[in-house]
**Student:** 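Got a structure for you, written out below as structure tokens; questions coming shortly.
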Amino acid sequence: MDRHMYHYATVSKALEELAEKGFTVDFNIQENRIINSPDDFEIVHIYRYEGDSDPGDEATVYGIKSSTGEKGVFVAGLSAFTEKSAAMVLNELTIKGNQNLESI
């Protein structure tokens with residue numbers, strides 16, 4: 001899997017770049033799809049925004065591709081990482097993907 005991670009000054013800049021790459025679906029409003037069917041999604045890009053003054057400003061922007069070919073984004077703030085949340089599912093997919101990369 002070819003996954004890219006970037007660090008950006010703003011979340012909107014990351015979203016802009018992903019939109020230019022065709023990632024236009026807003027998966028935040030389809031959070032249950034990610035929670036209920038995590039294997040239907042692949043994380044292609046990860047953008048991290050680290051708040052300069054407040055760690056609570058940190059956010060992760062995922063560029064996601066679904067098994068049906070949809071390309072979109074999911075934005076997860078630090079508070080989004082709760083048990084059984086889409087952000088947590090995506091984080092687990094990231095970890096699983098990294099382990100798969102290491103085992104190749």
Side-chain angles (χ1 to χ4, degrees):
M1 179 177 4
D2 189 21
R3 183 182 301 136
H4 304 281
M5 186 178 295
Y6 308 93
H7 291 269
Y8 268 87
T10 65
V11 169
S12 58
K13 182 69 180 159
L15 291 172
E16 201 177 286
E17 183 149 317
L18 281 166
E20 288 172 8
K21 295 178 181 181
F23 290 80
T24 54
V25 177
D26 181 356
F27 283 117
N28 281 80
I29 58 174
Q30 301 180 38
E31 196 169 348
N32 286 339
R33 279 182 64 197
I34 295 170
I35 294 168
N36 296 328
S37 306
D39 292 337
D40 290 348
F41 296 92
E42 176 187 355
I43 298 167
V44 185
H45 300 283
I46 300 171
Y47 294 76
R48 294 207 192 282
Y49 165 70
E50 295 164 358
D52 291 333
S53 56
D54 183 359
D57 288 343
E58 291 180 15
T60 303
V61 179
Y62 295 95
I64 305 169
K65 188 173 175 185
S66 75
S67 58
T68 58
E70 293 170 288
K71 291 182 357 181
V73 297
F74 186 90
V75 181
L78 200 57
S79 62
F81 289 91
T82 58
E83 191 178 350
K84 296 188 181 176
S85 69
M88 203 57 132
V89 170
L90 292 170
N91 190 50
E92 288 169 11
L93 283 175
T94 303
I95 293 166
K96 190 168 77 174
N98 286 343
Q99 289 170 343
N100 289 343
L101 288 174
E102 290 168 12
S103 63
I104 294 177

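Since we're looking at a predicted model, the values are computed, not measured. In this chain, residues are counted from 1 in sequence order.
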**Student:** Check each of Arg33, Glu42, Gln30 against Ser66 using the side chain to side chain contact (heavy atoms under 4.5 Å, CB included) test, and report the only one that passes.
**Tutor:**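 With Ser66 as partner, Arg33, Glu42, Gln30 yield a single side chain to side chain contact (heavy atoms under 4.5 Å, CB included), made by Arg33.
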**Student:** For Ala59 versus Val11, what's the shortest heavy-atom pair and its separation?
**Tutor:**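 That closest heavy-atom pairing would be CB-CG2, 3.9 Å.
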**Student:** Dump the intermediate steps for side-chain contact (heavy atoms from CB on, under 4.5 Å) on Asn91 and Tyr62, then the final yes or no.
**Tutor:** CA-CA 10 Å; Asn91 190 50; Tyr62 295 95; 4.2 Å; yes
**Student:** Looking at every heavy atom in both Glu31 and Ala86, which two are closest together, and how far apart are they?
**Tutor:**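 Reported closest heavy-atom pair: CG-CB, 3.0 Å.
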**Student:** Identify the two heavy atoms, one from Thr24 and one from Ala19, that lie closest to each other, and give their separation to 0.1 Å.
**Tutor:**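 For Thr24 versus Ala19, the nearest heavy atoms are CG2-O, 4.3 Å.
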**Student:** Not counting sequence neighbours, which residues clear side chain to side chain donor-acceptor pair (under 3.5 Å) with Glu16? List them please.
**Tutor:**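 Side chain to side chain donor-acceptor pair (under 3.5 Å) check on Glu16 returns nothing, list empty.
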**Student:** Please round to the nearest 0.5 Å and tell me the distance separating atom CG of Leu15 and atom OH of Tyr49.
**Tutor:**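 Between atom CG of Leu15 and atom OH of Tyr49 there are 12.5 Å.
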**Student:** Salt bridge check: are Lys13 and Glu17 linked by an N-O gap of less than 4.0 Å?
**Tutor:**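 Salt bridge: no.
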**Student:** Between Lys71 and Lys21, which heavy-atom pair has the shortest distance, and what is it?
**Tutor:**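 Distance-wise, the nearest heavy atoms are NZ-O, 3.1 Å.
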**Student:** Once side-chain contact (heavy atoms from CB on, under 4.5 Å) is applied, do any residues pair with Asn32, and if so which ones, sequence neighbours excluded?
**Tutor:**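 side-chain contact (heavy atoms from CB on, under 4.5 Å) check on Asn32 returns Ile35, Asn36.
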**Student:** Phe27 and Phe41: aromatic ring centres closer than 6.0 Å?
**Tutor:**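 Centroid distance Phe27-Phe41: below 6.0 Å, so yes.
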**Student:** Given Ile34, which of Leu90, Asn28, Leu93 fulfils the side chain to side chain contact (heavy atoms under 4.5 Å, CB included) condition?
**Tutor:**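 Considering Leu90, Asn28, Leu93, a side chain to side chain contact (heavy atoms under 4.5 Å, CB included) with Ile34 is found only for Leu90.
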